[in-house]
Amino acid sequence: MFVALMLSVFSAKAQIAVNGVEVDTKMTKSEVIAKFGEPDKYLYQDSGDNGVNEWYHYGKTHFVFKDEYFIEFTVCDKNFSVTLGGLDSDITVGDKFSVLSPLNLIEMDWYEKDWYCVYYYDVMVSFEVKDSIITCIDYCFPD
């Protein structure tokens with residue numbers, strides 16, 4: 001029973017999604033467009049043995065898919081909400097920094113001023129904060 005409880009806590013804490021789409025979800029180009037809309041810019045790269053990379057740009061926001069798996073995002077627009085395990089509500093650019101207080105945030109002065117991160121075991125989600133307002137949310141699936 002303890003192991004089951006720990007596994008449920010791990011999966012809840014590791015949940016990361018944009019507009020309800022969890023990272024590491026497989027989606028075709030048409031499914032991405034159906035969910036997020038027509039991108040302002042789309043890039044496609046077939047790297048042969050390293051797989052296919054696709055970038056969907058929406059204003060200042062972008063999503064990256066590798067072999068149709070959602071692996072990375074940078075959300076810098078209010079049109080998208082990010083779900084993080086450990087928070088009671090989704091996060092949107094423009095929210096107050098205080099909404100992140102339940103998380104164990106680490107200031108990232110070594111990376112860039114005004115950036116903070118939270119670690120979910122082997123993954124990191126970063127937040128740019130200016131004047132106590134979240135201006136950007138960044139995530140990259142670990143290799």
Side-chain angles (χ1 to χ4, degrees), residues 1-45 47 50-143:
M1 186 170 176
F2 177 73
V3 172
L5 176 63
M6 290 308 293
L7 288 174
S8 68
V9 168
F10 172 79
S11 63
K13 287 191 83 170
Q15 181 186 16
I16 302 169
V18 178
N19 286 17
V21 177
E22 289 191 32
V23 296
D24 204 27
T25 296
K26 189 170 186 176
M27 297 176 77
T28 64
K29 181 179 180 183
S30 60
E31 290 172 326
V32 172
I33 291 171
K35 180 64 179 177
F36 297 115
E38 192 69 42
D40 300 327
K41 181 177 171 185
Y42 170 77
L43 300 169
Y44 175 91
Q45 177 190 30
S47 304
N50 290 327
V52 173
N53 296 307
E54 297 173 279
W55 292 266
Y56 298 84
H57 293 266
Y58 299 88
K60 295 186 270 180
T61 294
H62 76 268
F63 306 121
V64 180
F65 286 75
K66 182 173 187 78
D67 298 325
E68 297 184 342
Y69 284 94
F70 188 21
I71 64 162
E72 180 181 328
F73 63 80
T74 299
V75 172
C76 299
D77 296 294
K78 295 181 181 191
N79 302 338
F80 302 97
S81 62
V82 176
T83 303
L84 294 178
L87 295 178
D88 293 333
S89 62
D90 291 349
I91 305 162
T92 305
V93 167
D95 286 349
K96 292 184 179 185
F97 183 57
S98 60
V99 301
L100 302 174
S101 61
L103 303 176
N104 186 19
L105 289 168
I106 300 166
E107 189 169 2
M108 295 173 40
D109 279 340
W110 50 268
Y111 176 69
E112 227 180 283
K113 188 177 185 316
D114 300 325
W115 281 87
Y116 298 82
C117 73
V118 63
Y119 289 95
Y120 288 103
Y121 299 92
D122 59 346
V123 300
M124 178 180 78
V125 181
S126 305
F127 304 89
E128 182 181 38
V129 179
K130 293 185 180 174
D131 299 322
S132 298
I133 302 296
I134 298 169
T135 58
C136 203
I137 307 164
D138 188 67
Y139 168 81
C140 183
F141 197 76
D143 289 331

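Numbering of residues begins at 1 and proceeds along the displayed sequence. Given the structure is predicted, the values throughout are model-derived calculations rather than measurements.
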Please name all residues satisfying side chain to side chain contact (heavy atoms under 4.5 Å, CB included) with [X], sequence neighbours left out, ordered by chain then number.
X	answer
S132	none
D67	V52
D131	none
L43	K41, W55, H57

Donor-acceptor pair, side chain of D40 and main chain of G59, under 3.5 angstrom: yes
Side-chain (T135) to main-chain (E128) donor-acceptor, under 3.5 angstrom: yes
Distance flag, aromatic centroids of [Y] and [X], threshold under 6.0 Å:
X	Y	value
Y139	F73	yes
F127	F97	no
F80	Y58	yes

As an exercise, state the distance from [atom1] of [X] to [atom2] of [Y], rounded to the nearest 0.5 Å.
X	Y	atom1	atom2	result
S81	D90	OG	CG	4.0 Å
E54	T28	CD	OG1	9.0 Å
S101	L87	OG	CG	8.5 Å
I33	E38	CD1	CD	4.5 Å

pair [X]-[Y]: side-chain heavy atoms closer than 4.5 Å:
X	Y	answer
S47	N53	yes
D95	I133	no
I16	V125	yes
F63	V75	yes
Y116	V129	yes
E72	K66	no
I91	I137	yes
I71	D24	no

All side-chain hydrogen bond (donor to acceptor under 3.5 Å, both in side chains) counterparts of N79, not counting sequence neighbours: none
I need the minimum non-hydrogen distance between [X] and [Y], along with the two atoms involved.
X	Y	value
S98	P102	O-CD, 4.5 Å
T74	C136	CG2-SG, 3.6 Å
K96	I134	O-CD1, 4.0 Å
C76	T61	N-OG1, 3.0 Å
E31	M27	OE1-CA, 3.2 Å
Y56	K29	OH-CA, 3.2 Å

Please identify each residue that fulfils salt bridge (Lys or Arg N to Asp or Glu O under 4.0 Å) with K35, with sequence neighbours left out. none
Using the ring pair (Phe, Tyr, Trp, His ring centres under 6.0 Å) rule, pick out the option among Y44, F70, F36 that qualifies with F65. F70
Over 12 non-hydrogen atoms of neighbours within 6.0 angstrom of OH in Y42: yes
